[in-house]
Amino acid sequence: MRVDVVTIFPEYLAALDLSLIGKARTAGLIDLGVHALRDFTHDRHRTVDDTPAGGGAGMVMRPEPWGEALDHVLAAGRIALGDPAAVPALVVPSPSGVPFTQAFAHELAGRPWLAFACGRYEGIDERVLEDAEARLEVYPVSLGDYVLNGGEVAVLAIVEAVGRLLPGVVGNADSLVEESHEDGLLEYPVYTKPASWRGHEVPPVLLSGHHAEIDRWRREQRLLRTARRRPDLLERLDPTQVTSADLAVLAGAGWQVRSGRFRFVPAAVAD
Ligand code: ADE
């Protein structure tokens with residue numbers, strides 16, 4: 001996969017030299033190009049921002065350096081990929097983007113080429129996105145309902161989430177399947193040795209050697225943890241896709257099927 005990132009802080013992306021993503025790059029699975037936005041300015045101060053049209057607080061990123069930077073990314077990437085018609089999906093991290101999810105990570109992992117535009121200040125002049133939309137698919141994406149200082153941290157998160165889904169990046173592909181968010185439930189709790197630590201025990205079932213019981217216990221933990229920590233996920237789960245044993249576990253935690261959806265029903269109104 002080819003990945004291009006345009007930023008005013010290229011050093012921020014040095015973290016992509018490390019760990020699994022760094023190894024994937026060394027192995028040739030990810031070809032990363034980091035581009036300094038200021039290289040596409042033409043004034044002495046290498047200016048990338050200006051005051052907002054219409055007034056208001058903060059600064060907005062000017063369109064001209066962005067236009068030139070994205071033209072460069074398109075041309076350089078087409079040469080690197082050896083395909084003069086190739087187009088990247090352009091991801092623009094922003095607190096006003098659509099929420100980034102595991103499903104979207106899978107969608108992006110299927111693309112041969114991703115480009116990222118890191119905004120700073122109050123954001124990028126909207127015409128940059130309009131102009132890019134004429135040539136590329138543009139995805140404004142948010143990591144969550146909070147505000148970061150810029151898109152760089154979001155790019156690190158998105159590249160890591162997408163990169164680990166590429167074949168060969170994570171050594172044991174099984175560990176990708178049994179994960180939080182792969183099937184709408186959170187992951188079960190995990191333990192290792194020693195069996196007893198500071199008075200806390202590994203749940204005995206995990207040491208029993210009974211694989212069917214271990215599987216049942218883990219499934220139960222996933223359901224209960226999701227109900228407790230992420231009731232929004234449980235409300236989105238299709239009740240027809242779970243077993244009667246699952247229904248019993250959830251009923252014990254106060255979750256019942258009402259009008260085809262899981263709903264938390266306080267004991268006093270449960271039938
Ligand atoms: N840039 C600033 N805040 C962000 C967020 N929450 N997600 C993605 N990019 C951002």
Side-chain angles (χ1 to χ4, degrees), residues 15 18-21 23-24 99-110 141-146 153-154 156-267 270:
L18 305 174
S19 189
L20 285 181
I21 300 298
K23 284 198 193 123
F100 184 62
T101 59
Q102 189 67 11
F104 194 51
H106 277 284
E107 152 85 30
L108 293 179
V141 167
S142 170
L143 279 201
D145 294 341
Y146 44 81
V153 166
L156 293 177
I158 295 169
V159 170
E160 183 156 317
V162 171
R164 63 196 300 284
L165 298 176
L166 300 179
V169 172
V170 171
N172 180 359
D174 287 348
S175 60
L176 294 178
V177 181
E178 288 184 20
E179 280 184 323
S180 294
H181 304 300
E182 283 299 345
D183 63 358
L185 293 176
L186 300 183
E187 175 71 294
Y188 49 78
V190 294
Y191 302 83
T192 183
K193 297 174 203 59
S196 179
W197 175 76
R198 293 190 177 183
H200 303 275
E201 312 300 325
V202 170
V205 62
L206 298 180
L207 307 176
S208 69
H210 289 119
H211 295 295
E213 278 183 33
I214 292 171
D215 287 348
R216 197 172 322 127
W217 181 86
R218 285 179 167 165
R219 176 78 185 171
E220 211 174 291
Q221 294 297 313
R222 299 188 71 201
L223 292 162
L224 295 175
R225 179 180 263 188
T226 307
R228 212 164 41 240
R229 295 184 181 173
R230 292 293 305 274
D232 58 311
L233 293 183
L234 214 51
E235 282 167 4
R236 273 183 260 151
L237 203 66
D238 180 355
T240 65
Q241 297 303 302
V242 306
T243 64
S244 52
D246 290 343
L247 290 176
V249 170
L250 289 172
W255 286 80
Q256 304 205 350
V257 180
R258 295 282 157 98
S259 311
R261 309 306 310 170
F262 282 110
R263 295 276 172 249
F264 182 70
V265 184

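The figures here come from the full heavy-atom set of this structure, side chains too, leaving out hydrogens, waters and symmetry mates. We count residues from 1, following the sequence as given.
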Novice: Look at the side chain of Arg263 and the backbone N and O of Val257, then say whether any donor-acceptor pair between them is shorter than 3.5 Å.
Specialist: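 Side chain of Arg263 to backbone of Val257: no pair is present.
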
Novice: If you look at every heavy atom in Ile21 and Gly163, which pair is closest and at what distance?
Specialist: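 For Ile21 and Gly163, the tightest heavy-atom pair comes out as CD1-CA, 3.8 Å.
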
Novice: In Å, rounded to the nearest 0.5 Å, how long is the span from CG of Leu223 to CZ of Arg218?
Specialist: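 Result: 14.5 Å between the selected atoms.
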
Novice: Tell me, do Arg230 and His181 make a side-chain contact under 4.5 Å, heavy atoms counted?
Specialist: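 Of all side-chain heavy-atom pairs linking His181 with Arg230, at least one is under 4.5 Å.
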
Novice: For Asn172, I'd like to know if atom CG has over 12 heavy atoms of other residues, nucleotides or ligands within 6.0 Å.
Specialist: yes

Novice: Output every pair passing salt bridge (Lys or Arg N to Asp or Glu O under 4.0 Å) with a member in residues 197-213, not counting sequence neighbours, ordered by first then second residue.
Specialist: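 For residues 197-213, and leaving out neighbouring residues, there are no salt bridge (Lys or Arg N to Asp or Glu O under 4.0 Å) pairs at all.
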
Novice: Would you sort out whether Val170 and Leu165 count as a side chain to side chain contact (heavy atoms under 4.5 Å, CB included), showing the intermediate values?
Specialist: CA-CA 7 Å; Val170 171; Leu165 298 176; over 6 Å; no

Novice: Got a sec, which residues hit side chain to side chain donor-acceptor pair (under 3.5 Å) with Arg222, two or more places apart in sequence or on another chain?
Specialist: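 Checked Arg222 against side chain to side chain donor-acceptor pair (under 3.5 Å); matches are Asp183.
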
Novice: Provide the full list of side chain to side chain donor-acceptor pair (under 3.5 Å) pairs with a residue in residues 239-253, sequence neighbours left out, each pair given once.
Specialist: Arg219-Asp246, Asp238-Thr240, Thr243-Asp246

Novice: Quick one: are Phe262 and Leu247 in side-chain contact, heavy atoms under 4.5 Å?
Specialist: yes

Novice: So do the side chains of Arg261 and Glu235 get within less than 4.5 Å of each other, counting heavy atoms only?
Specialist: no

Novice: Rounded to the nearest 0.5 Å, what separates atom CG in Leu185 from atom CD in Gln221?
Specialist: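 It is 12.5 Å, given to the nearest 0.5 Å.
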
Novice: Quick one: are Leu237 and Thr226 in side-chain contact, heavy atoms under 4.5 Å?
Specialist: no

Novice: Report yes if some heavy atom in the side chain of Arg164 is under 4.5 Å from a heavy atom in the side chain of Leu176; otherwise report no.
Specialist: yes

Novice: Can you tell if the side chain of Leu206 reaches within under 4.5 Å of the side chain of Ile214, non-hydrogen atoms only?
Specialist: yes

Novice: Closest heavy-atom contact between Ala109 and Leu166?
Specialist: O-CD2, 3.5 Å

Novice: Is there a donor-acceptor pair closer than 3.5 Å between any side-chain N or O of Ser180 and the backbone N or O of Glu187?
Specialist: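 It does hold such a pair.
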
Novice: Would you say that Val202 contacts Thr192 through its side chain, given a criterion of any heavy-atom pair below 4.5 Å between the two side chains?
Specialist: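 Side chain of Val202 against side chain of Thr192, heavy atoms only: no contact under 4.5 Å found.
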
Novice: Minimum heavy-atom separation for Ala161 to Phe100, with atom names?
Specialist: CB-CE2, 3.8 Å

Novice: Would you name the heavy atoms of Leu224 and Ala253 that are closest together and state the gap between them?
Specialist: CD2-CB, 3.8 Å

Novice: Can you tell me if Glu160 has over 12 outside heavy atoms packed within less than 6.0 Å of its CD?
Specialist: no

Novice: Please examine the side chains of Phe264 and Pro231, heavy atoms only from C-beta on, and report whether any two atoms are closer than 4.5 Å.
Specialist: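 Of all side-chain heavy-atom pairs linking Phe264 with Pro231, none is under 4.5 Å.
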
